[in-house]
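Note that the coordinates shown come from a computational prediction; the quantities given were computed from them, not determined experimentally.
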Number of protein chains: 2
Amino acid sequence: MSPDDITGGRGRRHYTRGVGRWEPGAGDRLREAALTLYLERGFEQTMVADIADRAGVTARTFFRYFADKREVLFDRSAELERSALAALEAAPATASTLEAVAAALSAAADLIGQDRELARKRQAVIMSTADLRERELIKLADLSAALAEGLRRRGVPAAEAALATEAGSAVYRVAFQRWVDTEDGTLDLHEAIRQSFAQLHTLTTPH
Amino acid sequence: MSPDDITGGRGRRHYTRGVGRWEPGAGDRLREAALTLYLERGFEQTMVADIADRAGVTARTFFRYFADKREVLFDRSAELERSALAALEAAPATASTLEAVAAALSAAADLIGQDRELARKRQAVIMSTADLRERELIKLADLSAALAEGLRRRGVPAAEAALATEAGSAVYRVAFQRWVDTEDGTLDLHEAIRQSFAQLHTLTTPH
DNA sequence: CCGTTGATGTCATCAGGTGACATCACCTTA
DNA sequence: TAAGGTGATGTCACCTGATGACATCAACGG
């Protein structure tokens, strides 16, 4: 172990000479390494130690940043929940229940809809693995529950709140998938969501 | 190990004298043992070896019956999917998309709605543990996907099919939770589902 | 009576995950 | 400037979930 090993480069030493004690941004490096490896080899074939190596840390450090091997793809969802909830709370008091939910989804689309390529990669990995689909679903369910609580604080009855946010979640899932799948570069996520809401309306009023 | 150990009783030997080679119904014993222990100590606190002991088998046998520690609570869902799908396919050609979905949910309610006490126990365990909630959600998502495929086979466009079954799934989840939570012994699951469908209709037609 | 069969046990091994403690450079403060 | 605190990390030990390979044993069919 010569002093030359002190590089901070990938998979080597972890110190850096002048700036800070450790190469900063271990969390980001881990996120990036994980997505890359999950895409290249698949989720099950990738071991936590591999991800950690590629990010220049140990497996123990991985688990200090992320609760488990899946969470590395999902820990941004806390932000998403915050801004969706904020948008719901910012909706005018005159808004209908579903309009408030739509405002929340629109805020989510603002964040997610920026980078379709990233969304595609993430979605490809997630949809290819049951473990990751499970995590994705519970994150959306938790978001839905948070929004439902927000609705209740606005005076919406519990049953109505739960149904509205679950339906909103369904709309979002379908729209997101359509947005990711389409070749059409002009379709943005907001528009896809709007269309799905319209379709839900049509569905529930058949005659 | 005297011959007297050959009893087939819980946590002891596994042979039985006359009937079959092994005490039959290992799967059922494991299911029951798991639910009991998950209720008593919680899911994380229960080890597979504990469940296996209580059922009179080894942990290796547990994993021959169930893919993982969670699946022991969910492997009946294959049946559920079959009968829901059958009901959807049996719906008259004149039925609307949502009516076909409602028929499928009704078939599901026929199975689940029989034993509210069992449903309550199961739900209590599942809702108390993130791992189990994840599994529950993916099972419902898979059911929804299967129904959507059934709708597409009936000629329903893909986007409409996905949205209808996801919305139906939302209706089911909300109704089921309400049915489990209520004290009212006269409310049955079918009725709860009917009410949630009605509420969804109200929600989407605000004026 | 014997070979096959199927459910099970035993053993070994790996990957995910966690607690306890050591380390090391930076930072604060006297 | 020396002493001690701090925070991110490494190291080690250990548990549990999960899986592959192989042995066992009673029933069953010929």
A.B. asks: Can you name the ring-ring contact (aromatic ring centres under 6.0 Å, His included) partners of A:F197, sequence neighbours left out?
C.D. replies: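 In terms of ring-ring contact (aromatic ring centres under 6.0 Å, His included), with neighbours along the sequence ignored, A:F197 is linked to no residue.
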A.B. asks: Does anything in residues 66-73 of chain B come within less than 4.0 Å of DNA chain D? Heavy atoms only, and list the residues if so.
C.D. replies: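 Here the set is B:A67, B:D68, B:K69.
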A.B. asks: For B:F66, which residues count as a ring-ring contact (aromatic ring centres under 6.0 Å, His included) partner, sequence neighbours excluded?
C.D. replies: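 Per chain and number, B:F66 pairs via ring-ring contact (aromatic ring centres under 6.0 Å, His included) with B:F62.
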A.B. asks: I'd like to check the ring-ring contact (aromatic ring centres under 6.0 Å, His included) partners of A:F43; sequence neighbours left out, ordered by chain and number.
C.D. replies: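 Residues passing ring-ring contact (aromatic ring centres under 6.0 Å, His included) with A:F43: A:Y38.
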A.B. asks: What's the shortest heavy-atom distance between A:A161 and A:A148, and which atoms?
C.D. replies: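 Scanning both residues completely, I find the closest heavy atoms to be CB-O, 3.7 Å.
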A.B. asks: Which nucleotide, C:dA7, D:dG10, C:dG16, lies nearest any side-chain atom of B:Y65?
C.D. replies: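 Side chain of B:Y65 sits closest to C:dA7.
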A.B. asks: Show me the pairs that pass salt bridge (Lys or Arg N to Asp or Glu O under 4.0 Å) and involve residues 109-128 of chain A, at least two apart or across chains.
C.D. replies: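 Qualifying pairs: A:E117-A:R120, A:R122-A:E136.
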A.B. asks: Round to the nearest Å and state the distance from A:Q45 atom CD to C:dC14 atom P.
C.D. replies: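 Atom-to-atom, A:Q45 to C:dC14, this comes out as 17 Å.
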A.B. asks: With a cut-off of less than 4.0 Å, is there a side-chain N or O of A:T61 near OP1 or OP2 of D:dG10?
C.D. replies: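 Answer is yes, contact under 4.0 Å.
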A.B. asks: Nearest whole Å is fine: how far is D:dT11 P from A:D53 CG?
C.D. replies: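 So the two atoms are 11 Å apart, to the nearest Å.
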A.B. asks: Could you tell me the separation between the CZ atom of B:R41 and the P atom of D:dT16, rounded to a whole number of Å?
C.D. replies: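 Going from CZ in B:R41 over to P in D:dT16 covers 12 Å.
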A.B. asks: Can you tell me the distance, in whole Å, between the CE atom of B:M47 and the P atom of D:dC14?
C.D. replies: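 Atom-to-atom, B:M47 to D:dC14, this comes out as 17 Å.
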A.B. asks: Between atom CZ in A:F62 and atom P in D:dG10, what is the gap in whole Å?
C.D. replies: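 My rounded result for the distance is 14 Å.
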A.B. asks: Tell me the interatomic distance from B:F63, atom CZ, to C:dC11, atom C1', rounded to whole angstroms.
C.D. replies: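 These atoms are roughly 16 Å apart.
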A.B. asks: My understanding is that only residues two or more places apart in sequence, or in another chain, count here; which of them pass side-chain hydrogen bond (donor to acceptor under 3.5 Å, both in side chains) with A:E81?
C.D. replies: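 A:E81 satisfies side-chain hydrogen bond (donor to acceptor under 3.5 Å, both in side chains) with no other residue.
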A.B. asks: Counting distance only, does the side-chain N/O of B:S196 pair as donor-acceptor with the main-chain N or O of B:I193 below 3.5 Å?
C.D. replies: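 The answer is no, because no donor-acceptor pair under 3.5 Å joins these two groups.
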A.B. asks: Please list each protein N or O that sits under 3.5 Å from an N or O in nucleotides 20-22 of chain D, with the distance.
C.D. replies:
{"residue": "D:dG20", "atom": "N7", "partner": "B:R60", "partner atom": "NH2", "Å": "2.9"}
{"residue": "D:dG20", "atom": "O6", "partner": "B:R60", "partner atom": "NE", "Å": "2.9"}

A.B. asks: Would you list the pairs meeting salt bridge (Lys or Arg N to Asp or Glu O under 4.0 Å) in which at least one residue belongs to residues 155-172 of chain B, sequence neighbours left out?
C.D. replies: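 Matches after skipping sequence neighbours: A:R173-B:E166.
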A.B. asks: Checking A:D181 now: which residues fulfil side chain to side chain contact (heavy atoms under 4.5 Å, CB included) with it, not counting sequence neighbours?
C.D. replies: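 With neighbours one apart ignored, the set is A:Q177.
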A.B. asks: Need to verify one output field. Residue with the more 5' nearest nucleotide on DNA chain C, A:E44 or B:A59?
C.D. replies: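 Of the two residues, B:A59 wins.
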A.B. asks: For A:A49, answer base if it contacts any base atom (sugar-phosphate contacts may also be present), sugar-phosphate if it contacts only those atoms, and nothing otherwise; contact means non-hydrogen atoms under 4.0 Å.
C.D. replies: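 It contacts nothing in the nucleic acid.
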A.B. asks: Expressed as a whole number of angstroms, how long is the span from B:D131:CG to D:dA18:C1'?
C.D. replies: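 Rounding to the nearest Å, CG of B:D131 and C1' of D:dA18 are 14 Å apart.
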